[in-house]
Number of protein chains: 2
Amino acid sequence: MDERKKQVLHAIITDYIETAEPVGSRAVAKKSGLGVSPATIRNEMSDLEELGYIEQPHTSAGRKPSDKGYRYYVDYLMQKEQLAPFEAEFIRQSLSEHFSEMDLLMQRCCQMISRLTNYTALVALNTQQHKVIESVRLVSLNERQLLLVAVLKGGEVKNRLIRLRESVNPDQLLSLERFLRQNLTGADVGKLELTVLNELLAAFSQQQSVLRRSLELFNDFFAPHLGERFFSYGTHNMLSQPEFKDYDKLKSIIGALEEDDVLRSLLENKAADGKTSVAIGKELGEEDMQECSIVTAPYDMGNDAQGVIGLIGPTRMSYQKAVPLLEFMAQILSELHRKD
Amino acid sequence: MDERKKQVLHAIITDYIETAEPVGSRAVAKKSGLGVSPATIRNEMSDLEELGYIEQPHTSAGRKPSDKGYRYYVDYLMQKEQLAPFEAEFIRQSLSEHFSEMDLLMQRCCQMISRLTNYTALVALNTQQHKVIESVRLVSLNERQLLLVAVLKGGEVKNRLIRLRESVNPDQLLSLERFLRQNLTGADVGKLELTVLNELLAAFSQQQSVLRRSLELFNDFFAPHLGERFFSYGTHNMLSQPEFKDYDKLKSIIGALEEDDVLRSLLENKAADGKTSVAIGKELGEEDMQECSIVTAPYDMGNDAQGVIGLIGPTRMSYQKAVPLLEFMAQILSELHRKD
DNA sequence: TGTTAGCACTCAAGTAGCTAGAGTGCTAAC
DNA sequence: GTTAGCACTCTAGCTACTTGAGTGCTAACA
């Protein structure tokens, strides 16, 4: 892979990303600025094809990048495009507005990603991992209402109102609260299984119904699925991509993006190394998405939330725009936390 | 509009709903069971066209229903299809599982509607209208943490943790709690404007920072937009409809369905009379959706939530299936509440 | 040895012309 | 009022043809 081959590959990829048309030797000769004739370029292209970086849709067409070609481009050739100052400012502004409501914040992220790139945005939000219960309180609001409160390390609060059929005396209440505190303080919400709670429930089933009821309610406000959420926005952008002009293809992609299961499998493990990551075509491992690429960046808002922001588009994607954008946004999100 | 015309119209519409192809006189003659010849049917069809109930795509094609035709069908001709017992049971089961988590419940609704009909489901959820604050409490968790709690009539609880920079003495706390209780008890959360809260804030700005901070935080957990949510599912079903094989049309529809604003305008005011409602084609008032119909049914889960479930598909929609399905689901949702 | 011009060859996409078939409207007979 | 018959219309699908982009190969050149 000498220098000239790299330049040829680079020219082919950038041209193809722009036009979605196979690139011919003539166009490369002009665009690459190498000062050689199309015939020479043809030889290089023939080599590149043999090496697997580009491919020919049919004999008399130009070349287009293969997954391997994009991979090489992303890893070695691509020059990240700097964010326009107004874009950076816009992102910073929009994100700071919604800091306290995670759902809104993530919806906003999706909209921004999608609008700034014209691809489809994907976001995973985990609000419950490594959330340790710091304290448990059982507060009497009035004779017939108890409030069960769990404060998590980091400040989030979970609670549930419990309506009583009969009133309880303060002593009962105190012993109950003590019991809960002993059994739940220090527990990790993300790992609190229903079984654990059920065991607790069973162990104290001889006690009066008040307790049983409170534990039953604990069950579903700690349920693990509540901590993990997925957002997406901009699916309609898929329709503008010439590579998805096949209805069945499109249908299976759009259908898949509506399923949390699929989003989970696309985004999971992407936060592992803390770096922006690019998955191209078959690398995604999804049958229906062999012509898609996904770019993801993990963010960490401390105890409030961690997760991944990302986008999905055709493999012919403007990686040089997508990568720095997501990097920047993830950084801003992570910083939001520290400011607080 | 004599009896025979009605039968002809009915035959045309049911056939067209099934096949999406213009219906010819021969087909109607056979299918309607009127025992007259195609020529006779042709005369009737000519009349129906003049009356505006059906239209001809081009001279040598059959007829297809107009918006007016569908309207007549829905209002007078349609026979609601009874839900299959297993469908009813399935719905009942699925909905009872998720009763306590509104978001999940509504997502489930969407999935069911979409899967049982192969159209796109839309749901509006309002959890905050007519929610009156029953009591306000300010609970000290420890020296540096206060918990601000508002209990709403009906049992929902809203709260926010407040971290203090300096500790407060119990007297300050009590007077603060009293102040909040006096000013907020009985207020309607849905109508609590930022301005009101800001006035409160201003009025007490001379007090110590603890108070100010607590009020600031009140602001965003009562913000009205949080009470209104929209869900959709099954957008990919739009792709299977032959009427949407134009990419631009499809793109604008799918794009629109991703916007809360659009969903709001499509679903609002549909709960007014408490009945299932059908909006056909141009009746929707949306430029891009002239070839779509929406069926909606309001539900009322008391203080927990009210809203609208619905679905959107082509005007050539199986109304006789969609209407009873939504009616049934809305009824189940409303009953879920009463059971509790 | 690498580069280039020239040329024959290939293939997709677009265009024009044709045909088949479905369906109509009209007329005249029943 | 109903029906059969018939001429007419229009679309969808098919075939054949043309165009043009792009290639690979060869032979000449620096």
Side-chain angles (χ1 to χ4, degrees), chain A residues 1-9 11-16 18-66 69 242-243 245-247, chain B residues 1-9 11-16 18-66 69 242-243 245-247:
Chain A
M1 197 72 166
D2 59 34
E3 192 52 38
R4 195 166 69 183
K5 278 196 180 41
K6 287 184 191 173
Q7 286 191 46
V8 171
L9 181 58
I12 291 173
I13 292 181
T14 51
D15 193 280
Y16 188 75
E18 206 179 314
T19 64
E21 298 290 333
V23 189
S25 53
R26 239 182 91 83
V28 175
K30 270 188 189 163
K31 188 165 176 172
S32 69
L34 282 169
V36 295
S37 77
T40 311
I41 300 292
R42 278 207 284 283
N43 290 328
E44 297 288 18
M45 284 168 82
S46 189
D47 291 351
L48 282 170
E49 182 163 16
E50 213 163 317
L51 292 167
Y53 293 111
I54 57 179
E55 52 199 23
Q56 212 170 4
H58 56 87
T59 334
S60 73
R63 305 303 209 293
K64 52 175 251 190
S66 64
E243 34 268 275
K245 59 179 193 281
D246 177 57
Y247 272 84
Chain B
M1 197 74 166
D2 59 34
E3 194 52 38
R4 195 167 68 184
K5 276 195 182 43
K6 288 183 191 174
Q7 287 190 46
V8 171
L9 182 57
I12 292 173
I13 292 181
T14 51
D15 192 280
Y16 188 74
E18 205 179 313
T19 64
E21 299 289 333
V23 189
S25 52
R26 242 182 87 83
V28 174
K30 272 190 190 162
K31 188 165 176 172
S32 70
L34 282 170
V36 294
S37 77
T40 311
I41 300 292
R42 278 207 284 283
N43 291 328
E44 297 287 19
M45 285 168 82
S46 189
D47 291 350
L48 282 170
E49 180 162 18
E50 214 164 316
L51 291 167
Y53 293 111
I54 55 179
E55 51 199 24
Q56 212 171 4
H58 56 87
T59 334
S60 71
R63 305 303 210 293
K64 51 174 253 191
S66 64
E243 34 268 276
K245 58 179 194 281
D246 178 57
Y247 271 84

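Below, chains carry the letters A, B, ... as their sequence lines are ordered, and counting in each starts from 1. Keep in mind that what you see is a predicted model, and the values were worked out from it rather than measured.
Between B:T40 and D:dT3, a side-chain N or O to OP1/OP2 separation shorter than 4.0 Å is present. In this structure, A:R4 reaches the C:dT3 phosphate: one of its side-chain N or O atoms is under 4.0 Å from OP1 or OP2. In terms of phosphate contacts, A:T59 brings no side-chain nitrogen or oxygen within less than 4.0 Å of OP1 or OP2 of D:dG24.
When the P atom of D:dA21 is taken as reference, atom NZ of A:K30 falls 11 Å away, rounded to whole Å. For A:I41 and D:dA21, the CD1 to P distance is 19 Å, given to the nearest whole Å. Rounded to an integer number of Å, the gap from B:Q56 CD to D:dT11 P is 11 Å. One interatomic measurement links the two molecules: CZ of B:R26 to P of C:dG25, which rounds to 17 Å at whole-angstrom precision. Here the P atom of nucleotide C:dA5 and the CG atom of A:N43 are 13 Å apart, to the nearest Å. Look at CE on A:M45: it is 12 Å from C1' on D:dA21, rounded to the nearest Å. Rounding to whole angstrom units, CD of residue A:E55 and C1' of D:dT23 are separated by 16 Å. Rounding to whole angstrom units, CG of residue B:D47 and P of D:dT2 are separated by 11 Å.
With B:I54 as the partner, the side chain to side chain contact (heavy atoms under 4.5 Å, CB included) test is satisfied by one option alone out of B:L9, B:V23, B:V8: B:L9. Screening B:M45, B:K64, B:E44 for a side chain to side chain contact (heavy atoms under 4.5 Å, CB included) with B:I12, the sole residue that qualifies is B:M45.
When Watson-Crick and G-U wobble pairs are counted only if both distances are under 3.5 Å, D:dC17 pairs with C:dG14. With a cut-off of 3.5 Å on both Watson-Crick or G-U wobble distances, the partner of C:dA28 is given as D:dT3. Using the Watson-Crick or G-U wobble rule with both distances under 3.5 Å, D:dG22 pairs with C:dC9.
A donor N or O paired with an acceptor N or O is found under 3.5 Å between the base of C:dT10 and the side-chain atoms of A:S60.
Here the nucleotide nearest the side chain of B:H58, chosen from D:dC10, C:dA12, D:dT23, is D:dC10. Considering only the side chain of A:R42, D:dT23 comes nearest among C:dG25, C:dC11, D:dT23. Listed candidates were C:dC11, C:dA5, D:dT2. Nearest to the side chain of A:A39 is C:dA5.
Counting only distance, with no hydrogens or angles, the side chain of A:S25 and the backbone of A:I41 share no donor-acceptor pair below 3.5 Å. Distance alone, capped at 3.5 Å, is enough to place a donor-acceptor pair between the A:S66 side chain and the A:G52 backbone.
Note: A:Q7 CD to A:D2 CG = 9.5 Å, rounded to the nearest 0.5 Å.
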